[in-house]
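A short write-up of the structure that comes next.
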Amino acid sequence: MMKLTILLIASLLLMPIASIPAQTTEQYDLLIVNGRIIDGTGNPWFRGSVAVKNGRIVRVGKFGATARQVIDAKNQIVAPGFIDVHVHTEDVFSHPEAENFIRMGVTSLITGNCGGSVTDVAKFLGNYKEKPLAVNVATLIAHGSVRAKIMGLDDRAPTQEEQQKMDALVEQGMKDGAVGLSTGLIYVPGTYAKTDEVVELARVAAKYGGVYASHIRNEEGGVVDAVNEAINVGEQANIPVEISHFKIASKRLWGQSPTTIGLVEAARKRGLTVTVDQYAYTASSTSLDSRLPGWALSGGRAEGRKRTADPVTRAKIVDGMKAELKDRGFKDYSYAYVASYNADAKFNGRNIAEITKEVRGKNKVGDQIDQILDMYDKGGASMVYRTMGEDDVQNIMRQPFTMIASDSGVREFGVGVPHPRGYGNNARVLGRYVRDMKIITLEDSIRKMTSLPAQTFNLRDRGQIREGFAADIVIFDPDTVGDKATFEKPHQYAVGFSDVIVNGGLVFDGDKMTGTMSGHALRH
Ligand SMILES: [Zn+2]
């Protein structure tokens with residue numbers, strides 16, 4: 001991209017600049033010219049310029065002006081910076097460039113998902129003043145973290161006093177700027193909560209205008225009940241519901257996304273705000289621990305190891321795992337790939353069936369379960385699970401209430417074999433699903449990455465190319481944009497983005513991060 005730091009007259013319109021003298025004296029910080037603007041609302045692109053001053057978009061349309069810096073978009077798309085509503089970036093202040101996100105156009109992160117967040121929201125969000133970021137960050141306050149703080153990892157209902165303490169922590173988090181409450185009802189300790197515990201916390205978040213974002217209790221055979229539970233929480237607590245990484249992760253139920261989508265549609269028809277987010281892959285990524293029955297994990301790994309060492313209890317765990325496998329419609333664990341195993345990095349990138357065969361010389365399901373339990377005992381692993389059907393991914397993407405979100409963390413380049421979504425998710429939607437497969441339009445895909453997330457999480461001045469809005473802007477080439485990261489070689493940045501601007505600061509120039517740290521903490 002050509003960037004001129006000298007004063008420059010940009011003339012875009014047919015009307016001579018001399019006829020609008022008031023504007024020729026205007027001094028903008030940044031002017032983007034020759035772009036096709038997609039404003040984030042879903043409206044079709046239009047030609048025009050975008051002017052930025054003091055971190056805000058101050059003018060959009062056809063006009064001539066002067067600016068300190070001019071970017072020639074060269075007929076590419078100029079869109080709002082993408083808002084990734086589902087990330088796990090509690091460590092973002094240790095990796096402040098968030099390069100994997102920036103380089104796929106993501107300018108705002110909403111972390112604290114799946115029941116795991118900081119519990120001191122004020123401190124977390126306050127960090128950015130001393131530790132500047134390239135990216136904006138907002139957070140949810142998470143049920144699992146709050147519960148662990150008050151009750152440890154116990155598998156039981158809270159006492160009244162404990163519930164009140166959890167309510168108070170959620171209330172404080174909301175007052176400090178959290179955008180809502182999250183749950184992770186498959187994880188320890190979230191999985192030990194009954195619906196009423198969650199409803200009470202959701203009522204607290206609702207009082208402050210928050211959202212209820214849930215990694216639901218079951219994404220496999222029990223997905224219908226789990227979607228209903230999330231909607232039920234929303235109706236009882238009178239709070240908007242956001243169902244995280246919406247999917248059908250049981251091979252047995254592939255093709256049944258119309259059923260779960262129907263539940264969302266029916267709830268919306270009754271008047272409840274329900275939205276969902278999705279990553280654009282047929283594989284998920286989470287812990288190895290989550291393959292074990294929830295009860296076996298109670299109290300943490302030290303307690304869990306006692307259970308795997310006791311023959312009677314171990315037999316029950318094995319039965320539970322076999323039942324889960326059947327429920328998912330898989331014959332064995334060849335769908336389960338190790339992303340990162342600290343105890344032995346040579347397992348990284350390989351599936352449980354392959355590993356079992358190598359380590360044990362035999363490969364029945366029982367052998368694979370022994371291998372998994374051995375790895376659990378040795379500290380667990382993060383995993384990639386190839387569990388979804390392509391038709392369901394596409395069908396979910398087409399829904400008007402679906403957002404695009406990565407479910408990723410900040411990546412350390414070259415470390416481990418993580419899910420490629422952290423490098424490619426948004427670019428993959430724009431390349432594979434919009435340009436190549438035409439599943440949704442370019443404008444609609446941008447809406448799902450910008451104004452819909454902003455509306456859902458109450459980020460009122462972001463997600464659109466609109467006067468008065470924060471100047472989070474991406475420029476990309478719709479003909480070349482795409483993801484390079486694969487399951488085998490995930491550490492590859494997205495391509496096709498020539499400029500990424502955060503609050504008016506150019507943080508990525510098409511080649512490299514510029515070192516500009518113009519991110520903000522976003523408070524509800
Ligand atoms: Zn999750």
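Both ligands and their constituent atoms are indexed starting at 1 by order of listing.
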| With a cut-off of 2.8 Å, which protein N/O/S atoms are close to the Zn ion (ligand 1), if we only count those under it? | Cys114 SG, His215 ND1, His245 NE2
| said: Tell me whether the rings of Tyr385 and Tyr335 are parallel (<30°), tilted (30 to 60°) or perpendicular (>60°). | reply: tilted
| field | Pair Phe93 and Phe124, ring centroids less than 6.0 Å apart | value | yes
| said: Please determine whether a side-chain nitrogen of the Lys or Arg among Lys194 and Asp196 lies less than 4.0 Å from a carboxylate oxygen of the Asp or Glu. | reply: no
| field | Which residues share a salt bridge (Lys or Arg N to Asp or Glu O under 4.0 Å) with Lys331, sequence neighbours left out | value | none
| task | Measure from the ring center of His419 to the ring center of Tyr281 and say whether it is less than 6.0 Å. | result | yes
| Salt bridge or not for Glu220 and Arg252, using N-O below 4.0 Å? | no
